[in-house]
Amino acid sequence: MRATELLAPTLREAPADAEVVSHRLLLRAGFIRRVAAGVYNYLPLAVRVIKKIEQIIREEMDRQGGQELLMPILQPAELWQESGRWDVYGPELFRLKDRHDRDFALGPTHEEIITTLVRGEVNSYKQLPLLLYQIQNKYRDERRPRFGLMRGREFIMKDLYSFDRDEEGLQISYLKMHEAYTRIFQRCGLRFRPVEADSGAIGGSETHEFMVLAESGEASVLFCESGACDYAANVERAAQVSPPEKVKDNLKNIAEKETPDCRTIEEVSQFLGIAAQDIIKTLLYETEAEAVAVLVRGDRDVNEIKLLNTLGCLRVNLAGEETIRKVTGASRGFSGPVGLKGIKIIADLEVASIINAAAGANKDNIHWINVNPGRDFSIDIITDVRMVEDGEPCPCCGQKLKEARGIEVGQIFKLGIKYSKLLGATYLDEGGKVKPVIMGCYGIGVTRTMAAAIEQNNDQDGIIWPAAIAPFHAVIIPVNTKDAGQTALAEAIYARLAAAGLETILDDRAERAGVKFKDADLIGCPLRITVGAKALTERQIEVRVRRTGETTMIPEEKLESAVLELLKEL
RNA sequence: CGGGAUGUAGCGCAGUUUGGCUAGCGCGCCUGCCUUGGGAGCAGGAGGCCGGGGGUUCGAGUCCCUCCAUCCCGACCA
């Protein structure tokens with residue numbers, strides 16, 4: 001490709017509204033342009049990267065026996081009504097009407113479509129297992145699209161659906177995808193981790209998220225520092241190690257203390273001279289059905305996902321001032337479990353074993369001290385409802401957990417029979433019995449992976465593409481386009497590298513060298529080949545590695561092999 | 001959806017407080033000269049519904065009302 005023919009409009013300054021580095025660099029380097037909030041044009045450089053990522057995905061899906069198909073973006077409402085998700089999915093589902101006033105949706109995912117397809121075409125155990133996938137645009141009307149390609153309303157996703165006869169088959173499919181995903185992200189040159197994740201309302205099935213580790217990640221993950229253990233989990237999921245049983249002696253007498261205007265744990269702790277971990281934090285939550293009290297140690301935070309799962313409800317919200325007063329009789333900041341009536345009390349494991357703690361008295365400006373669970377109040381549910389923090393012991397091996405930020409680029413999920421049951425996708429087993437097919441779904445955000453790769457690979461000058469997904473392997477820069485010798489040599493190199501199967505940009509623009517160097521750094525191809533005056537006289541070609549800035553002089557005749565060799569390490 | 005902010009040339013911004021002639025600057029773009037190893041220099045030039053609509057006024061980028069868009073924080077979320 002010649003730079004004079006390539007639409008790659010670079011910008012010196014990034015648009016002011018681009019916050020994260022991948023967004024800024026994708027704009028500056030001429031990969032994307034915004035069309036609407038969360039909707040982008042992908043320019044030629046971006047398309048090349050996307051195609052490379054897609055190709056890696058295809059190869060790994062096919063390796064595991066996946067078959068590619070293509071399903072529609074435009075989907076009739078009936079399918080969504082049949083699965084119940086027309087009502088459940090909420091405002092995130094793009095909805096539209098056709099000229100006959102019939103309802104349609106733009107697919108945010110394709111379970112409905114594919115399950116319906118399989119319902120019609122698969123009848124026998126002999127046709128299973130099946131692994132079907134597509135790479136397709138997805139639409140989600142995000143409340144807050146942001147960070148460029150990281151959280152868009154239109155994005156490209158690979159989604160594979162597995163169909164098996166039984167749980168054993170699903171486990172095999174699941175492991176195949178786990179392996180495929182590991183290979184895909186490795187091949188893309190990313191530093192990532194599969195982590196255990198919460199399966200949410202869909203049920204107690206197994207699920208892993210593949211997280212690209214980056215500071216800008218929206219998700220927080222905890223993983224075991226010990227090399228021997230590979231425990232890693234989304235914080236939403238990470239389990240706490242059960243606290244050691246404390247000997248319940250030395251129980252002091254419960255007593256009221258005045259705590260004027262002490263509403264926060266910090267204030268109470270300061271005022272009473274009691275450590276935060278010896279205070280019981282009482283939070284009132286409302287679900288769609290009831291209000292509940294949640295107790296955690298003063299130095300801990302409630303994990304609302306765990307709470308949601310414990311209660312088996314659809315949503316939880318912190319209760320407002322009004323509800324707090326109604327339930328406790330006091331204002332916010334003085335809630336406590338002692339004497340709390342008519343409300344379910346859920347306590348974290350650590351609270352159950354706390355001794356002589358402080359807690360709100362359900363009276364303004366009063367706290368109890370020397371509160372002891374069991375003796376002074378009873379608990380309805382004792383379970384793990386708190387956030388696990390950096391440095392806590394690993395639930396697997398006891399070593400320290402470390403916290404990191406991650407970008408979720410893939411998720412694999414055991415669906416079970418949720419959709420096959422709702423939509424009636426069944427097969428006949430060997431005994432002639434009707435059974436629902438067992439499903440799994442497995443997604444990779446293609447465009448998000450591109451952004452994540454930049455989050456992880458950039459410097460002050462621009463993007464540093466891993467070679468496997470770089471838009472071009474190298475850029476060839478004749479320093480002075482007025483010098484016929486230089487342009488001729490650059491052209492010759494361009495032709496030779498193309499013949500060797502390498503993808504290059506020949507920067508034949510009549511720009512000064514500095515401009516071309518800046519643009520080359522910004523766009524971030526792994527190698528830069530500079531053809532200057534010395535190249536002509538010494539017949540040595542300068543090859544510079546984008547990531548390290550290292551330059552090597554290669555004898556002209558060895559150029560192809562040297563370039564191929566360099567690329568292997570990038 | 002709640003709170004905050006911003007919309008002026010392709011990009012980055014000034015001008016708005018205190019209304020006043022023809023709306024500015026830097027970068028980018030076009031033409032010419034010059035230059036050619038890290039975003040050069042000189043000269044000339046093109047490019048604006050000042051987010052939209054309504055109002056106040058002799059006069060609105062500037063004041064008022066309204067709508068829209070975008071961003072940030074929060075809530076929410078596969």
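For clarity, every value in this text was computed on a predicted model and none was experimentally measured. Chain identifiers are assigned alphabetically (A, B, ...) following the order of the sequence lines, protein sequences preceding nucleic acid strands; residue numbering begins at 1 within each chain. Worth knowing before you read on, the calculation uses all heavy atoms, side chains too, and leaves out hydrogens, waters and symmetry mates.
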Open item on the list: Taking only the C1' atom of each, what is the distance from G61(B) to G20(B) in whole angstrom?
Closed with: 13 Å
Open item on the list: Suppose we define a pair by two distances each less than 3.5 Å, Watson-Crick or G-U wobble; what does A69(B) pair with here?
Closed with: U6(B)
- [ ] For U6(B) and U31(B), measure between their C1' atoms and round to the nearest Å.
- [x] 37 Å
Open item on the list: With a 6.0 Å cut-off on the ring centroids, do H178(A) and F210(A) count as close?
Closed with: yes
- [ ] Check each of L308(A), N317(A), V316(A) against T287(A) using the side-chain contact (heavy atoms from CB on, under 4.5 Å) test, and report the only one that passes.
- [x] V316(A)
Task: Minimum-distance nucleotide to R140(A) side chain [options: G26(B), U70(B), A78(B)] - done: A78(B)
Open item on the list: Counting the atoms with a prime plus P, OP1 and OP2 as sugar-phosphate, which does D519(A) contact under 4.0 Å by heavy atoms, base, sugar-phosphate, or nothing?
Closed with: base
Open item on the list: Regarding G26(B), can its base be found pairing with the side chain of E13(A) as donor and acceptor, where the two atoms are less than 3.5 Å apart?
Closed with: yes
Task: Partner nucleotide, any strand, of G39(B) [Watson-Crick/G-U, under 3.5 Å] - done: none
Task: Within 45° cone and under 6.0 Å: R547(A) NZ/CZ vs W465(A) ring - done: no
Open item on the list: When the P atoms of C63(B) and A5(B) are compared, how many Å lie between them, rounded to an integer?
Closed with: 15 Å
Between protein and nucleic acid, restricted to nucleotides 72-76 of chain B and to nitrogen or oxygen atoms under 3.5 Å apart, what atom pairs and distances do you find?
from: C73(B); atom 1: OP2; to: R144(A); atom 2: NH2; distance (Å): 2.2

Task: Base-pairing mate for C34(B) - Watson-Crick or G-U, with both contacts under 3.5 Å - done: none
Open item on the list: Check whether F94(A) forms a cation-pi arrangement with R140(A) (NZ or CZ under 6.0 Å from the six-membered ring centre, at most 45° off the ring normal).
Closed with: no
Task: Whole-Å P distance, U62(B) and U16(B) - done: 12 Å
TODO: Under 4.0 Å between any heavy atoms, over every strand shown, what does R528(A) touch: base, sugar-phosphate, or nothing? Just pick one.
DONE: base
Open item on the list: At 4.0 Å (heavy atoms only), tell me whether T530(A) reaches a base, stays on the sugar-phosphate, or touches nothing.
Closed with: base
Task: Which nucleotide in A78(B), G37(B), U70(B) has an atom nearest any side-chain atom of R34(A) - done: U70(B)
Task: Parallel, tilted or perpendicular: ring planes of Y174(A) versus Y442(A), cut at 30 and 60 degrees - done: tilted
Task: Opposite nucleotide pairing with C29(B), Watson-Crick or G-U, both atom distances under 3.5 Å - done: G45(B)
- [ ] Ignoring hydrogens and angles, tell me if any N or O in the side chain of Q75(A) forms a donor-acceptor pair with the backbone of A105(A) under 3.5 Å.
- [x] no
TODO: Take atom CG of L93(A) and atom P of C77(B), then tell me their distance rounded to the nearest Å.
DONE: 16 Å
Open item on the list: Given C11(B), G38(B), G37(B), identify the nucleotide with an atom nearest to the side chain of L11(A).
Closed with: C11(B)
Task: Pairwise P distance, U8(B) and G51(B) [rounded to whole Å] - done: 6 Å
Task: Any N/O donor-acceptor pair, R28(A) side-chain to G39(B) base, under 3.5 Å - done: yes
Open item on the list: Counting only heavy atoms not in R153(A) (residues, nucleotides, ligands), do more than 12 fall under 6.0 Å from its CZ?
Closed with: yes
TODO: Confirm from the modelled atom types if R544(A) and G37(B) form a donor-acceptor pair under 3.5 Å, side chain to base only.
DONE: no
Task: Who pairs with U22(B) - Watson-Crick or G-U, where each distance is under 3.5 Å - done: none
- [ ] Give none if C77(B) has no partner; otherwise give the nucleotide forming a Watson-Crick or G-U wobble pair with it, both distances under 3.5 Å.
- [x] none
Open item on the list: Between the base of G37(B) and the side chain of N480(A), is one N or O donor paired with an acceptor at under 3.5 angstrom?
Closed with: no
Check nucleotides 28-34 of chain B against the protein and report each pair of N or O atoms closer than 3.5 Å, with its distance, or say if there are none.
from: G28(B); atom 1: OP1; to: R12(A); atom 2: NH2; distance (Å): 2.8

Task: C1' gap between G12(B) and C64(B), integer Å - done: 31 Å
Task: Lys NZ or Arg CZ of R193(A) over F223(A) ring: under 6.0 Å, within 45° - done: yes
Task: C1' gap between C30(B) and C67(B), integer Å - done: 38 Å
TODO: Report yes or no: does T551(A) contribute a side-chain atom to a donor-acceptor pair with the main-chain N or O of R544(A) at less than 3.5 Å?
DONE: no
Task: Closest heavy-atom pair and its distance - A197(A), Q411(A) - done: CB-NE2, 4.4 Å
Open item on the list: Only pairs with both distances under 3.5 Å count, Watson-Crick or wobble alike; so what is the partner of U56(B) in this structure?
Closed with: none
Task: Separation between the C1' atoms of C68(B) and G32(B), rounded to whole Å - done: 45 Å
Open item on the list: Given K281(A), which partner from the list T264(A), I265(A), V294(A) fulfils the side-chain contact (heavy atoms from CB on, under 4.5 Å) test?
Closed with: I265(A)
